[in-house]
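Comments concern the structure below.
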Amino acid sequence: IFDGVNLTQVMNLTTPNYQYVVAPGATHTYTFSNLTDLYCFNPGSEDATVIVNPAPAIFNVVGGGSTCQFGNGVAVGLDGSEAGVYYELFVDGNASGIVVVGTGAPISFGNFSVAGTYSVQSLSITTCEFMMNGSVDITVTPLPTVTLAPFTSVCEGSAAFALSGGYPAGGVYAVNGFDTPVFDPSVMGVGTFYVTYTYTDQNGCSNSAEQMITVYAAPMVSIDPIAPVCFDAPAFVLSGGYPMGGTYYVNGSVATDFDP
């Protein structure tokens with residue numbers, strides 16, 4: 001076996017399919033010549049060319065980190081790439097099927113919100129498959145548990161009050177999508193309003209809870225005119241209010257009758 005420099009003689013072969021292992025540093029042709037056996041002399045030669053593909057450039061896997069559950073995730077990519085070389089993303093050692101073509105510049109595989117270890121392998125018909133340098137981890141942080149106590153319905157014209165009942169403390173209240181710490185029935189008017197309480201924890205993860213506040217319309221109330229009386233007239237029961245069942249007041253004090 002002649003490699004262009006050295007001649008190696010192989011004798012006493014006992015298997016029909018002999019393999020001669022080589023590891024050239026570049027593409028090289030080997031010549032097999034002067035083949036003989038125990039019974040016949042069969043001179044001749046045959047060439048075998050071993051093509052050595054270039055190793056791809058090695059780039060660093062970048063990105064990863066912590067992301068909130070159900071969030072937008074964090075990016076994973078390479079800090080460089082070779083134009084025309086394909087790169088596949090692996091998650092926990094398994095091929096993800098996500099492949100990006102190199103551009104000669106850094107590349108991104110996108111954002112991910114699944115916990116695991118992310119690595120990258122190069123794929124090319126002209127270069128060997130190599131794992132890129134390093135890997136990055138993604139951890140997923142659960143969202144905080146947020147609650148909001150129900151609100152009592154109020155009447156139109158009732159006094160404004162501070163919104164409360166959100167847990168954990170320190171969050172932000174919003175009414176129909178607008179941040180506000182106070183609910184004013186006089187301003188909001190009649191209807192049903194949605195109060196959202198949003199809390200963000202120390203990891204930057206947010207969650208919210210929602211309740212409703214109903215503002216009822218004030219009833220239409222009337223009272224018949226009361227005729228003037230003399231100071232010594234007998235006491236009489238107050239009446240004439242509509243709808244029935246209400247409460248009478250005289251100069252701000254509850255009364256059922258009037259005594260001149």
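For reference, positions follow the sequence shown, starting with 1.
A 6.0 Å sphere centred on OH of Y242 holds no more than 12 heavy atoms belonging to other residues, nucleotides or ligands. Open room surrounds CE on M212; 12 or fewer heavy atoms of other groups in view lie less than 6.0 Å from it. The number of heavy-atom neighbours closer than 6.0 Å to OH of Y194, taken from other residues, nucleotides and ligands shown, is 12 or below. Other residues, nucleotides and ligands contribute over 12 non-hydrogen atoms within 6.0 Å of the CG atom of D232. Remark: F193 CZ is packed, more than 12 non-hydrogen atoms of other residues, nucleotides or ligands lying under 6.0 Å away. Heavy atoms of other residues, nucleotides or ligands lying less than 6.0 angstrom from CG of D179 number more than 12.
Remark: the backbone N or O of G241 is paired with a side-chain donor or acceptor of Y248 at under 3.5 angstrom. Not a single donor-acceptor pair under 3.5 Å links the side chain of T141 to the backbone N or O of C68. Checking side-chain atoms of D201 against main-chain N and O of N203 turns up a donor-acceptor pair under 3.5 Å. Although no hydrogens or angles enter the test, the distance criterion places no donor-acceptor pair under 3.5 Å between the side chain of E156 and the main chain of Y216. No donor-acceptor distance shorter than 3.5 angstrom exists from the side chain of E129 to the backbone of Q121, with no hydrogens or angles considered. Of the possible donor and acceptor atoms, one in the side chain of Y87 sits under 3.5 Å from a partner among the backbone N and O of E82. Listed for the D79 side chain is a donor-acceptor partner under 3.5 Å among the backbone atoms of N60.
In this model, a donor atom of one side chain and an acceptor atom of the other lie less than 3.5 Å apart for D137 and T117. For the residue pair T200 / S206, a side-chain donor-acceptor distance below 3.5 Å is found, with atom types taken as modelled.
Results of the side chain to side chain contact (heavy atoms under 4.5 Å, CB included) test with I138 over V76, N111, V114, V91 single out V76 as the only residue that passes.
Between F258 and V250, some side-chain heavy-atom pair lies under the 4.5 Å cut-off. Taking 4.5 Å as the limit, every side-chain heavy atom of N72 sits out of range of all side-chain heavy atoms of F112. For the pair V120/M131, no side-chain contact is recorded, criterion being any heavy-atom separation below 4.5 Å from C-beta on. Put simply, the side chain of I213 does not reach to within 4.5 Å of the side chain of T152, judged on heavy atoms.
Hydrophobic cluster membership differs between V62 and L78, with clusters built from Ile, Leu, Val, Met, Phe, Trp and Tyr side chains linked at under 4.5 angstrom. Connection of L143 to L148 is not established within any shared hydrophobic cluster, with ILVMFWY side chains joined at heavy-atom distances below 4.5 Å, either directly or through further cluster members. Under the 4.5 Å side-chain heavy-atom criterion for grouping Ile, Leu, Val, Met, Phe, Trp and Tyr, I58 is connected to Y118 within one hydrophobic cluster. Transitive grouping of hydrophobic side chains (ILVMFWY, heavy atoms separated by less than 4.5 Å) keeps F109 and F90 in distinct clusters. Criterion: ILVMFWY side-chain heavy atoms under 4.5 Å apart, direct or through other members. Under it, F151 and V215 are part of a common hydrophobic cluster.
Here the CD-OG1 distance, from E210 to T147, works out to 14.0 Å after rounding to the nearest 0.5 Å. Summarising the geometry, atom CG belonging to N207 is positioned 9.0 Å from atom CZ belonging to F70; distances are rounded to the nearest 0.5 Å. The distance from the CZ atom of F59 to the CG atom of N133 is 11.5 Å, given to the nearest 0.5 Å. Here the OH-OH distance, from Y199 to Y167, works out to 8.5 Å after rounding to the nearest 0.5 Å. Separating the OH atom in Y249 from the CG atom in L238 is a distance of 13.0 Å, to the nearest 0.5 Å. Annotation: the span from S158 atom OG to M188 atom CE amounts to 13.5 Å, rounded to 0.5 Å.
In this structure, D184 has no side-chain hydrogen bond (donor to acceptor under 3.5 Å, both in side chains) partners at least two apart in sequence or on a different chain.
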Candidate pair F178 and T196, rule side chain to side chain contact (heavy atoms under 4.5 Å, CB included), full reasoning: CA-CA 9 Å; F178 296 94; T196 303; over 6 Å; no
Start with the C-alpha distance between S122 and M132, add both sets of side-chain angles, then the distance that settles side chain to side chain contact (heavy atoms under 4.5 Å, CB included), and finish with yes or no. CA-CA 7 Å; S122 66; M132 296 293 100; 3.8 Å; yes
Between V101 and T103, does a side chain to side chain contact (heavy atoms under 4.5 Å, CB included) hold up when you go through it step by step? CA-CA 6 Å; V101 182; T103 62; over 6 Å; no
Taking it one step at a time, do T180 and Y173 satisfy side chain to side chain contact (heavy atoms under 4.5 Å, CB included)? CA-CA 6 Å; T180 176; Y173 294 92; 5.8 Å; no
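The two residues F183 and L163 make their nearest non-hydrogen contact at CB-CD2, 3.8 Å. Listed here is the closest heavy atom pair of Q69 and P142: OE1-CA, 3.6 Å. Here the closest non-hydrogen pair linking V136 and G63 is CG1-O, 3.4 Å. Looking at every heavy atom in both residues, P185 comes nearest to V154 through CG-CG2, 3.8 Å. Across every non-hydrogen atom of G157 and S186, the tightest pair is CA-OG, 3.4 Å. The minimum heavy-atom distance linking L89 with S96 is given by the pair O-OG, 2.6 Å.
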